[in-house]
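Here is the structure we will look at, set down as structure tokens.
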Amino acid sequence: RAFRLSVSIGAAPIDVSAQHSGELFWRAENSCRLAKQQGGARVVVYRRGDAELANSETDLSWGEEILGALDQGRFELYAQRVMDLTDTKPPAYEILLRLRTSDGSVVSPDRFLPAARRYGLMNAIDRHVMRLVLRYFADTPAMQQNCDYVAVNLSGASLCDDSFISFLLPALARTGVDPRKLCFELTESEALYDFSAAREMVGRLHASGYRVFLDDFGNGFTSFHYLRNFQVVGLKLDESYIRHLDRKPFNQAIVSSIARICDSLGLEFVAEGLESIGELEVLKRFGVRRAQGFLFHRPEPLLKALAPR
């Protein structure tokens, strides 16, 4: 059997604009990646001001910012309430991550997570977040007293890493968290490079009493595949189906159908991105019992969100 080979080369000139040798290697690596993206069998030389390479440089700077935040404790936990539309349960809370940059500004995950995924930092971030969450559980009784449960997102990288569950389960046991008060969210759009390992990890969490939700359900092509193969207790429908729900018959048909599927399978259904009374009324008409969005609560620092009102 014959194989056709090609070579992609990335090069970076050694000059005074690079602050250290690591930056030179980053530039060469990003140039090589760009050569591959452009079809391979070519050489890309780093040039300052190149628009495509500038995007990679932005990722590089965020990678360095993330490493600094991990070392210096500059990641902060925010939360958003998940409301019970039947008024029979206290609110739940989804944990949201923010990064305080070296200049003091606070940025949301859409700014830094792409770089974290590219440079393999998601596992380190997930571990850091779990340490923070468990510390809050240990030090703040309100974490368990003032809410139905707290939800934490796990990345695909962590779900596919055997060492992560070996870190997580003992940490949970040491903290003594009531499994009914902590659940995990698996985002459908997260790449799972080892589906079997991810399924096994979700199964181990489920066997230990922790609940798992599918987040951003309907945002990709694998929603029902995940629903069929993972031991989950519920799903969170992507906000794109909730936006202007009261004015979009197609979205209403989707939401109504998913609500019926959840009822049939005994799954919890959470609607994300709720912003108007009209949308809320449609959700109630379809029997949806939980929702979150700016209509109820804008994300705020965790302790402030959990404070009695």
Side-chain angles (χ1 to χ4, degrees), residues 22 25-26 29-30 32-33 36-37 55-56 58-78 94-99 107-135 150-172 182-208 210-217 219-223 225-227 229-232 235-236 238:
F25 283 108
W26 282 106
E29 180 184 352
N30 287 327
C32 186
R33 183 181 292 111
K36 295 176 182 178
Q37 291 173 350
N55 290 332
S56 294
T58 299
D59 276 357
L60 167 60
S61 63
W62 276 118
E64 294 174 337
E65 190 74 61
I66 290 167
L67 291 173
L70 289 169
D71 288 339
Q72 300 161 21
R74 289 192 277 109
F75 278 111
E76 300 177 6
L77 300 186
Y78 277 52
E94 179 182 358
I95 299 295
L96 304 171
L97 189 61
R98 299 291 186 266
L99 186 155
V107 297
S108 57
D110 60 316
R111 297 280 301 281
F112 59 84
L113 285 189
R117 294 187 183 99
R118 169 170 289 186
Y119 297 125
L121 297 173
M122 289 304 302
N123 195 308
I125 291 175
D126 283 349
R127 289 174 185 243
H128 186 73
V129 169
M130 284 309 309
R131 291 187 187 102
L132 290 177
V133 170
L134 295 179
R135 188 183 307 159
V150 171
V152 180
N153 287 275
L154 293 181
S155 69
S158 294
L159 283 168
C160 297
D161 183 356
D162 289 340
S163 69
F164 183 79
I165 196 71
S166 298
F167 149 79
L168 181 60
L169 289 179
L172 291 169
L182 179 63
C183 73
F184 298 95
E185 295 183 3
L186 163 61
T187 302
E188 180 202 345
S189 57
E190 282 281 351
L192 297 179
Y193 62 84
D194 189 337
F195 188 87
S196 296
R199 181 168 57 185
E200 181 182 349
M201 184 177 295
V202 171
R204 291 180 66 181
L205 288 171
H206 181 82
S208 299
Y210 296 95
R211 297 176 294 169
V212 178
F213 281 76
L214 285 180
D215 195 15
D216 296 339
F217 190 83
N219 190 36
F221 300 105
T222 56
S223 297
H225 179 64
Y226 280 21
L227 190 61
N229 285 281
F230 286 104
Q231 290 180 288
V232 298
L235 59 85
K236 302 179 74 171
D238 187 69

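These figures come from a predicted structure and were not determined experimentally.
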Query raised in the report: What's the shortest heavy-atom distance between G63 and A115, and which atoms?
Result: N-CB, 4.1 Å
Query raised in the report: Can you check whether F217 reaches V232 side chain to side chain, under 4.5 Å on heavy atoms?
Result: no
Query raised in the report: So, for R74 and G68, which heavy atoms are closest and what is the spacing to 0.1 Å?
Result: NH2-C, 3.3 Å
Requested in this report: Provide the closest heavy-atom pair for L77 versus L97 in the form atom of the first, atom of the second, distance.
Outcome: CD2-CD1, 4.0 Å
Requested in this report: Show the numbers, then the answer: is there a side-chain contact (heavy atoms from CB on, under 4.5 Å) between Y210 and L172?
Outcome: CA-CA 10 Å; Y210 296 95; L172 291 169; 3.4 Å; yes
Report summary line: Separation between SG (C160) and CD1 (I165), nearest 0.5 Å, reads 12.0 Å
Report task. Could you walk me through whether L205 and L169 pass the side-chain contact (heavy atoms from CB on, under 4.5 Å) test, one step at a time? Result -> CA-CA 8 Å; L205 288 171; L169 289 179; 4.1 Å; yes
Report task. Might you point out which heavy atoms bring R127 and F167 nearest each other, and give the distance in Å? Result -> NH1-CB, 3.5 Å
Query - From CG (L96) to CD (E76), nearest 0.5 Å - result: 13.0 Å
Query - Gap separating the CG atom of L121 from the CD1 atom of I66, nearest 0.5 angstrom - result: 5.5 Å
Query raised in the report: What's the verdict on side-chain contact (heavy atoms from CB on, under 4.5 Å) for H225 and F195, showing C-alpha distance, side-chain angles and the deciding distance?
Result: CA-CA 11 Å; H225 179 64; F195 188 87; 3.5 Å; yes
Report summary line: Residues at least two apart in sequence or cross-chain that pass side chain to side chain donor-acceptor pair (under 3.5 Å) with R98, listed by chain then number, are none
Report summary line: Between the CG atom in D215 and the OG1 atom in T187, the distance rounded to the nearest 0.5 Å is 4.5 Å
Report task. Would you mind reporting whether I95 and L132 have side-chain heavy atoms less than 4.5 Å apart? Result -> no
Query - Nearest-0.5 Å distance that lies between atom OG in S208 and atom CG in L168 - result: 9.0 Å
Query raised in the report: Atom CG in D194, atom CG in D161: separation rounded to 0.5 Å?
Result: 10.0 Å
Report task. Say whether, by atom type as modelled, one donor and one acceptor occur between the side chain of D216 and the main chain of N219 under 3.5 angstrom. Result -> no
Report task. Run the numbers on R199 and F230 for side-chain contact (heavy atoms from CB on, under 4.5 Å), then give the verdict. Result -> CA-CA 6 Å; R199 181 168 57 185; F230 286 104; 3.8 Å; yes
**Report entry** M122 side chain near L113 side chain, heavy-atom distance below 4.5 Å
**Finding:** yes
Query raised in the report: Between F164 and M201, is any pair of side-chain heavy atoms under 4.5 Å apart?
Result: yes
**Report entry** H128: partners by ring-ring contact (aromatic ring centres under 6.0 Å, His included), with sequence neighbours left out
**Finding:** F75
